[in-house]
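One structure is given here, and the rest of the page talks about it.
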Amino acid sequence: MIKTSAQLRQAFLDFYASKQHQIVPSSSLIPGNDATLLFTNAGMVPFKDVFLGDDVRSYTRATSAQRCVRAGGKHNDLENVGYTARHHTFFEMLGNFSFGDYFKEEAINYAWEFLTTVLALPKEKLLVTVYDSDDEAYNYWLNEIGVPADKIIRIGDKSADKKFESDNFWSMGDTGPCGPCSEIFYDHGENIFGGPPGSPDEDGDRFIEIWNIVFMQYNRHADGTMENLPKPSVDTGMGLERIAAITQGVHSNYEIDIFQSLIRDTAKLLECDDLEHKSLRVIADHIRSCSFLITDGVIPSNEGRGYVLRRIIRRAIRHGHKLEAQSFFFHKLVASLAEQMGDAYPELVQQQAIIEKILRIEEEQFGRTLDRGMALLEDILAELKGDTIAGDDVFKLYDTFGFPADLTADIARERELNIDLVGFDAAMAQQRTRAQKASQFGTDYNDTLKSENRTSFKGYTRDEMSSTVVELFNSESSVNTLEAGEAGVVILDQTPFYAESGGQVGDTGTLSFDNGTFEVTDTIKLGHAFAHKGIAHQTIALNSLVKAQINSERRSAIVKNHTATHILHATLRKVLGEHVTQKGSLCDADKLRFDFSNFEAVTPEELNTIERMVNEQIRSNLARETNLMQIDAAKEKGAMALFGEKYDDEVRVVTLGDFSTELCGGVHVNRTGDIGLFKITSESGIAAGVRRIEAVTGQAALNYFAAQEHTLNSIAALVKTEPANVASKIEQVILRNKELEKELAQFKQKLASAAGADLVSQAKDYNGVKALIANLEGVEAKSLRGMVDDLKNKMGSGIILLATASDNKVSLIAGVTKDLVGRVKSGELVNVAAQEVGGKGGGRPDMAQAGGSQPENIEAALNAAQSWLSDKLS
């Protein structure tokens, strides 16, 4: 009998395989080459290009169990997760698809057979909806399947003036494939509130949609007209969690096997006895989306997909905090998830350690600020007037403590409050504006010039060649000539100059012609044209014949760095893990810079290993091979592609022995030995989850070592030893310096103590209370506290206020003996003086400190304190 989620998933795929459907593995949660989607949010997303006719598969029938996330962008269920029975950030969509093969009859038949025969659901518990005018689907359900007429509901357009806007009419967009759909609902019974679809009570939980069958029948044009598609198609989707709830005899998705196991394990970790607590639901849901997102290469960050992941992680941690989590817990649930879903998704098991490590680091980072952020929020709520938290306060929580707005909204919701999202968005917009103003960049030719020409690149094998000028630009527009001394752009029909792309900078060199030269200072792409930017030393005209010659020495240094980045990329994945992906690179003549995804700093030991492995590949003198091949063949070969890049059907694959294979259009050395030497110069973090390595190769690496050697020799000369003994000699110098500092501190303390003894005699009487108020010149601020303790002991009973100034900073300290704190508080006294020197401070009633920035006002500050004290004690 089919009951568990795993059995359901397999039964569905097996059923459609028996109907000649190709079983297609779940695609990544990151949609390939689709900038319109943040995440894969439906089962049809991987087949979108097939439905649009841009991709042809070897099959016309397919079935899949597709993992999906709805937690950002247009489809965002995050705020409802944990509070409703069926909202999730992560879910699995079971689907079957026809690409111009079968249509309505077969799709309906298959769905009904699976539900009523394979799953043996009672037919009387099922009802269906169709689009109002879809008589074909209605009649088939009625006459062929035998669904009673009172259980077939026609759903029309939402309003008379909005044609084809209905819950039962599906569109891929404003134009393109679309069509009616038929939904299948399950009746959970009269004891559950809610009415059938289309009724006023349809939002209740009695009738739950379990399957949607979309009939892609039309092509909608921009003018609204509908054209019949030559090959109508089918797209269906059934939520695994929803159908599992039905087969397992429960009403809420959170009661099914997968969730119950996660909830029990979470409750055990957090020592929570209430298995119905909504926070357990939230955490169980969120461990699924977080683990699968990390599996698919998303790293927590402050933008895009990484920011959504961070929001989900922090929401889960906050709910653990609500359950009084005593330690880091969230990462420990990955093992439970892998046990539940590892058979269907083995990548969960393969990457379990990486997932746990990333989640643990996020927990540690957010844990350091959670308590402080919650304390600030409690302060805001304590002073709140009304039922809405101000947008500025929501932004402050985000900006200072990393509280996403929806996390604050989640907490507000629990208190029956709202947040001012409009105000928050305004504050965010102001921050972006400030950031943009702080980093203005000049206009580039790419933004102002356009060319319809196409340049043939010959630079893989040529350093120089004869070419024809096919287009000229000055800084504003196309021209027929560039005069001597004028800056501009030259477009050639063919060129050896590489145009900047893929991290490799553009070539420089000269264009020589009969009457003079054009100095090329950079090469960029304008569409398919290569733009040679530079300065004309003599007049150059359209259609001129030129000798195009690159700076070969500079190119040689660039390609060494470029090939080194390929070796570095492969090495990082071997040393740090398969989660490492390229996030950006720069290869110029001086250095290489490589940005990559990683969730923590690379240790010195790891850097040494990386550097050693890269140099081993250089010494191995691997041959560089380049091949043009179909994109699918390249990926099968294991070629690394930059995620999110759009590649042509035919791609250039660069292979270095059996060590590195990448898609790349850049120029490379012939053999890795040509690189000579590789040296890492720095490793740093540039964004959340993104690290940067900078390195040098070839002559630049030798220059680096020469500079280091010169520095070492200079240090050796300063400490009067040999370079080999520098470390031990400096250690001796540091140790001696610490001893001298300790002796000096002791001497200063003795002087301060002696000065304190003299100060006691300067104390004045304020209505029977001794008080010492003094400005001490030449006394270090850090000595003041000890002096106050010493003076209090010497005076027995009294009040003290001391001031000193250094480097245009004022330090103030006040002390009150215990018998007088009921009459005078140290914090009050020190703040009276601090106001005169542009500062403020605070502390305990018997000891308080303050700072200021106006040393010229110290005397006025002490006079103010004397006056205040006199009034206080009168």
Side-chain angles (χ1 to χ4, degrees), residues 26-32 34-35 37-41 45 67-82 87-91 262 282-320 328-334 337-338 341 345 347-348 351-367 369-370 398 401-410 577-581 583 595-600 643-644 685-691:
S26 173
S27 294
S28 167
L29 286 170
I30 315 304
D34 190 343
L37 288 176
L38 195 64
F39 300 114
T40 299
N41 56 26
V45 170
R67 53 185 186 264
C68 302
V69 161
R70 290 185 180 176
K74 180 180 178 182
H75 299 288
N76 183 3
D77 290 339
L78 185 58
E79 66 178 21
N80 292 317
V81 173
H87 278 104
H88 306 292
T89 54
F90 173 93
F91 62 95
L262 289 170
V282 172
I283 295 166
D285 171 273
H286 289 6
I287 192 62
R288 301 209 310 163
S289 54
C290 293
S291 297
F292 277 101
L293 284 171
I294 294 170
T295 296
D296 285 338
V298 182
I299 299 293
S301 68
N302 287 329
E303 59 183 8
R305 297 182 177 100
Y307 178 58
V308 175
L309 172 58
R310 174 162 285 167
R311 286 164 59 192
I312 301 172
I313 294 171
R314 293 189 169 184
R315 189 171 188 262
I317 296 168
R318 210 276 301 181
H319 278 274
F328 303 124
F329 72 96
F330 193 49
H331 67 287
K332 296 177 182 177
L333 294 171
V334 179
L337 178 66
M341 302 184 70
Y345 301 101
E347 56 267 43
L348 270 180
Q351 299 191 45
Q352 181 179 333
I354 293 171
I355 300 167
E356 289 174 344
K357 193 170 187 179
I358 292 174
L359 292 179
R360 173 62 188 256
I361 290 169
E362 274 296 299
E363 280 190 272
E364 291 173 351
Q365 290 177 348
F366 188 47
T369 64
L370 180 59
Y398 161 76
F401 298 107
F403 269 46
D406 53 9
L407 180 55
T408 305
D410 204 34
E578 294 295 309
H579 65 280
V580 169
T581 54
K583 294 296 183 182
D595 300 338
F596 58 98
S597 58
N598 200 47
F599 33 85
E600 59 185 340
F643 185 79
I686 60 169
V690 181
R691 308 296 299 179

Report the C-alpha distance between Ile355 and Leu348 in whole Å, list the side-chain angles of each, state the deciding distance to 0.1 Å, and finish with yes or no for side chain to side chain contact (heavy atoms under 4.5 Å, CB included). CA-CA 8 Å; Ile355 300 167; Leu348 270 180; 4.1 Å; yes
Nearest 0.5 Å, please: how far is OG1 in Thr89 from CZ in Phe39? 10.0 Å
Please check if the side chain of Arg288 supplies one atom and the backbone of Phe90 the other of a donor-acceptor pair under 3.5 Å. yes
Straight-line distance of Cys290 SG to Arg315 CZ, nearest 0.5 Å: 11.0 Å
Is a side-chain N or O of Ser291 found less than 3.5 angstrom from the main chain of Val334, in a donor-acceptor match? no
Between atom CD of Glu347 and atom CD of Glu578, what is the distance when rounded to the nearest 0.5 Å? 13.5 Å
Might you point out which heavy atoms bring Asn41 and Val69 nearest each other, and give the distance in Å? CB-O, 3.7 Å
Rounded distance (nearest 0.5 Å) linking atom CD of Glu362 with atom CD1 of Ile299: 9.5 Å
Side-chain heavy atoms of Phe596 within contact of Thr581, under 4.5 Å: no
Passing option when Leu293 is tested against Val308, Val298, Ile313 for side chain to side chain contact (heavy atoms under 4.5 Å, CB included): Val298
Where is the tightest heavy-atom contact between Gly304 and Leu38, given as atom of each residue plus distance? C-CD1, 4.5 Å
Would you check, one step at a time, whether the test side chain to side chain contact (heavy atoms under 4.5 Å, CB included) holds for Arg310 with Phe366? CA-CA 10 Å; Arg310 174 162 285 167; Phe366 188 47; over 6 Å; no
Side chains of Ile358 and Pro300, heavy atoms from C-beta outward: is any pair under 4.5 Å? yes
For residues Gln352 and Ala338, report the shortest heavy-atom separation together with the two atoms involved. OE1-CB, 3.8 Å
Trace of the side chain to side chain contact (heavy atoms under 4.5 Å, CB included) decision for Thr40 with Arg67: CA-CA 8 Å; Thr40 299; Arg67 53 185 186 264; over 6 Å; no
Passes side chain to side chain contact (heavy atoms under 4.5 Å, CB included), Met341 versus Phe292? Steps please. CA-CA 11 Å; Met341 302 184 70; Phe292 277 101; 4.0 Å; yes
From the list Arg691, His579, Lys583, side-chain hydrogen bond (donor to acceptor under 3.5 Å, both in side chains) with Asn598 holds only for His579
Check Phe329 against Glu363 and note the closest heavy-atom contact, atom names and distance. N-OE2, 2.8 Å
Rounded distance (nearest 0.5 Å) linking atom CD1 of Ile287 with atom NZ of Lys332: 12.5 Å
Spacing of Ile283 atom CD1 and His319 atom NE2 [to the nearest 0.5 Å]: 7.5 Å
